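To start, the structure itself, in structure tokens.
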Amino acid sequence: MLCAYLPLALCCGWLLSVGVIGGSISWGHGVQRGSEDWFSLLQRWMESTFTQHNITFKNGCVPATQSSYVSSCLQQFVDADVDLVSVPP
């Protein structure tokens, strides 16, 4: 479903919901939060690339953890109806 929905959402301006999950690195340990962390970089890129689109973002990154912790309880960190989930390395 997503394979068909994502391109249509991006080309037709439909609502798209993006969630990011991850641990300390994704949360922004050691970088300027809000500008250099993974979530902020992805959000800024998507907003500047798809300027005419209605995209909402949810940051589900958790400090002092590993990505495996967050992925094991995904529903607590991103909305259940999210269209796209990014799990940074």
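All of these numbers come straight from a predicted model, not from anything done at the bench.
A donor-acceptor pair under 3.5 Å is formed between the side chain of Asn59 and the backbone N or O of Cys61. When atom types are taken as modelled, the side chain of Ser48 and the backbone of Trp45 share a donor-acceptor pair closer than 3.5 angstrom.
Heavy atoms only, all atoms of each residue included: Phe39 and Val20 are closest at CD1-CG2, 3.7 Å. Taking each heavy atom of Ala64 and Ser24 in turn, the nearest pair found is N-OG, 2.7 Å. Nearest approach of Glu36 to Leu41, heavy atoms of both residues: O-CD1, 3.5 Å.
Take Ser40 and apply the side chain to side chain donor-acceptor pair (under 3.5 Å) test, not counting sequence neighbours, and it matches Asp37. Partners of Ser35 under the side chain to side chain donor-acceptor pair (under 3.5 Å) rule, at least two apart in sequence or in another chain, do not exist in this structure. For Glu47, the side chain to side chain donor-acceptor pair (under 3.5 Å) criterion is met by Gln43, not counting sequence neighbours.
Atom OG of Ser17 and atom CG of Leu84 lie 9.0 Å apart (nearest 0.5 Å). Distance check: Ile55 CD1 to Leu15 CG gives 9.0 Å after rounding to the nearest 0.5 Å.
Linking ILVMFWY residues whenever their side-chain heavy atoms come closer than 4.5 Å, directly or via other members, places Val82 and Ile21 in the same cluster. In the hydrophobic clustering of this structure, Leu16 groups with Leu42; members are Ile, Leu, Val, Met, Phe, Trp, Tyr whose side-chain heavy atoms approach within less than 4.5 Å, directly or through other members.
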Problem set entry | Derivation of the side chain to side chain contact (heavy atoms under 4.5 Å, CB included) call for Val18 and Lys58 | CA-CA 6 Å; Val18 177; Lys58 168 82 177 194; over 6 Å; no
